[in-house]
Novice: 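Take a look at this one; I'll ask things after.
Sequence lines set the chain letters: A, B, ... in the order given, protein chains first and strands last, and positions in each chain run from 1.
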Protein chains: 2
Amino acid sequence: MTAPSFPVTEIVASRRPHRKDAARNYDALLAAAREAFAEHGAEASLEDIARRAGVGIGTLYRNFPTRRHLFESVYADEVNTLVRVAQELADQEPWEALTAWLDRFAGYMVTKRAVREALNDESEIFAACRDSMYAAGGPLFARAQEAGEARRDMDFVELLRMVAGITATAFDDDAQRDRVLSIALDGVRASR
Amino acid sequence: MTAPSFPVTEIVASRRPHRKDAARNYDALLAAAREAFAEHGAEASLEDIARRAGVGIGTLYRNFPTRRHLFESVYADEVNTLVRVAQELADQEPWEALTAWLDRFAGYMVTKRAVREALNDESEIFAACRDSMYAAGGPLFARAQEAGEARRDMDFVELLRMVAGITATAFDDDAQRDRVLSIALDGVRASR
DNA sequence: ACTCTAGCGGAGGCAACCCTCCGCTTCAAC
DNA sequence: GTTGAAGCGGAGGGTTGCCTCCGCTAGAGT
């Protein structure tokens, strides 16, 4: 397997400040935001996020001038991780690599509830994230298709939307969610 | 008592008033609410709903004392329709009947975005709706399983959640949504 | 240690929404 | 037609969230 070392272009939606206390606050805000977005979707209250992070509302606005900036930062973080994971999976078997990546996609996208909207959003950062994600996962899917493992009458965008939709749904537990996801993925396998 | 028609127990979440003007307002509110819930999810603004219906906010509250009453009424309406549809499909082929019903489920549930939560809600009306829906669609699924068309290692609740999840996602158009849905349903087919 | 500036918190003005309450309107029964 | 009650609309008080602004704090460079 040729390990394709194409450059990892990190997407950055806002700059982490230099000063120590400021950097700490920045991180706390991102973590709090991730949590809040996961819980309440993209409409989560900004004041609540500041409260969770233990900082004033002013600090939130200084780091992230708009709700969109904040959300994009959380989202970009997760996309960057997924890009990295895709590279690590490059030497696995085609179908296993694809499902493993989709699993990470499903599990890591903490902003679940909001991702569905983000997948269709038109802003610059979101577009960059989308491209980045397609560039990362798309080849895994193409490889599975070429190996005759995945059906050809489906494109990668559709696959991601399918997984995102199922993942965003409430299940009794993770095991149930995984079972349903794997059933749906059975439909993605090429029929021989 | 002639055999064929078993009783359709209609679920009623709130009473339609007798007076003519009042009944008109009631209907307008339900229609506006269906629209607003479809657009903004279960958190849609009640004042906006009253505005859309062209009635005062007071009228909304008189008919539906709480947000939940209103949402339940819209939801119950749709469930009742799905129950009726299931009965009409009773004489189709097993797999076709099942997919046709799921299609209606996917398409008719205008409250899409909110259904996922409703499927897990514990309130009395929601529980009744859930039971009603399982009673309607469950047999279709069981029949498909017995005919060897649907896999047996899945239950009806999981199937509904899968469909609801995919349906709630944003797609480019209905055709794309249907394609993805049918791919996922391929995974539900029994492997021979 | 000193300074000076980046960074901080939160008060406060504004808007949206929730829900109640009550004086006015309109239906329908007689 | 009359009339009583059911129904109506929306003002208004409370709450929550958005975002700005500014006097204070504390880190970083010297």
Novice: Decide yes or no for A/Val188 and A/Leu185: does some side-chain heavy atom of the first lie under 4.5 Å from some side-chain heavy atom of the second?
Specialist: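 Sidechains of A/Leu185 and A/Val188: in contact.
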
Novice: Is there side-chain contact between A/Leu30 and A/Phe64, with heavy atoms separated by less than 4.5 Å?
Specialist: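 Yes - at least one pair of side-chain heavy atoms lies under 4.5 Å apart.
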
Novice: Quick one, A/Phe71 and A/Thr66 - any side-chain contact, counting heavy atoms below 4.5 Å?
Specialist: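 Side-chain contact under 4.5 Å: no.
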
Novice: Give me the residues of residues 46-54 of chain B where at least one heavy atom lies under 4.0 Å from an atom of DNA chain D, by number, or none.
Specialist: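 Those residues whose heavy atoms fall under 4.0 Å from DNA chain D, taken from residues 46-54 of chain B in numerical order, are B/Gly54.
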
Novice: Under the rule for side-chain contact (heavy atoms from CB on, under 4.5 Å), what residues qualify as partners of B/Asp173, not counting sequence neighbours?
Specialist: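 Only B/Ala175, B/Gln176 meet the side-chain contact (heavy atoms from CB on, under 4.5 Å) criterion with B/Asp173.
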
Novice: Looking only at non-hydrogen atoms, find the nearest pair between A/Glu158 and A/Asp155 and report the distance.
Specialist: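 What the structure gives for the nearest pair is N-OD1, 2.9 Å.
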
Novice: Within this structure, what is the NE2-to-C1' distance between B/His69 and C/dC18, rounded to whole angstrom?
Specialist: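 One finds 17 Å between C1' of C/dC18 and NE2 of B/His69, rounded.
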
Novice: Salt bridge check, A/Arg34 against A/Glu78: does any charged N sit closer than 4.0 Å to a carboxylate O?
Specialist: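 Between A/Arg34 and A/Glu78 there is a salt bridge, with a charged N closer than 4.0 Å to a carboxylate O.
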
Novice: Throw together a table of side-chain donor-acceptor distances under 3.5 angstrom for residues 91-101 of chain B, partners on residues two or more places apart or in other chains.
Specialist:
from	atom 1	to	atom 2	distance (Å)
B/Thr99	OG1	B/Trp95	O	3.1
B/Thr99	OG1	B/Glu96	O	3.2
B/Trp101	NE1	B/Leu82	O	3.1

Novice: Starting from the 5' end of DNA chain C, give me the residue, B/Ala44 or A/Asn25, whose nearest nucleotide shows up first.
Specialist: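 Counting from the 5' end, the first nearest nucleotide belongs to A/Asn25.
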
Novice: Reading DNA chain D 5' to 3', which nucleotide is the first, and which the last, to come under 4.0 Å of any heavy atom in chain A?
Specialist: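 Both ends considered, the range comes out as D/dG17 to D/dA28.
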
Novice: Would you be so kind as to tabulate the donor-acceptor pairs closer than 3.5 Å made by side chains of residues 52-63 of chain B, with sequence neighbours excluded?
Specialist:
from	atom 1	to	atom 2	distance (Å)
B/Arg52	NE	B/Asp48	OD2	3.1
B/Arg52	NH1	B/Glu35	OE2	2.8
B/Arg52	NH2	B/Glu39	OE2	3.3
B/Arg52	NH2	B/Asp48	OD2	3.3
B/Asn63	ND2	B/Thr59	O	3.1

Novice: Assess whether a salt bridge exists between A/Arg151 and B/Asp186, defined as any Lys/Arg side-chain N lying under 4.0 Å from an Asp/Glu carboxylate O.
Specialist: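 Answer for the salt bridge query: yes.
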
Novice: Output the rounded distance in Å from CZ (A/Arg15) to P (C/dA6).
Specialist: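 From A/Arg15 CZ to C/dA6 P: 15 Å.
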
Novice: Between A/Val55 and B/Thr66, who's closer to the 5' end of DNA chain C by nearest nucleotide?
Specialist: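 It is A/Val55 whose nearest nucleotide is closer to the 5' end.
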
Novice: Is there a side-chain contact between A/Arg62 and the phosphate of C/dC8, meaning an N or O under 4.0 Å from OP1 or OP2?
Specialist: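 For C/dC8, OP1 or OP2 has a side-chain N or O of A/Arg62 closer than 4.0 Å.
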
Novice: Shortest non-hydrogen contact from A/Leu29 to A/Ile49?
Specialist: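 Reported closest heavy-atom pair: O-CG2, 4.1 Å.
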
Novice: Expressed as a whole number of angstroms, how long is the span from A/Arg16:CZ to C/dG7:P?
Specialist: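 Taking CZ of A/Arg16 and P of C/dG7, I get 13 Å after rounding.
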
Novice: Could you identify which residues of residues 17-24 of chain A place a heavy atom less than 4.0 Å from some atom of DNA chain D, listed by residue number, or say none?
Specialist: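 The answer is A/Arg19, A/Lys20, A/Asp21.
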
Novice: Side chain of B/Arg152, backbone of B/Gln145: donor and acceptor closer than 3.5 Å?
Specialist: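 Answer holds: yes.
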
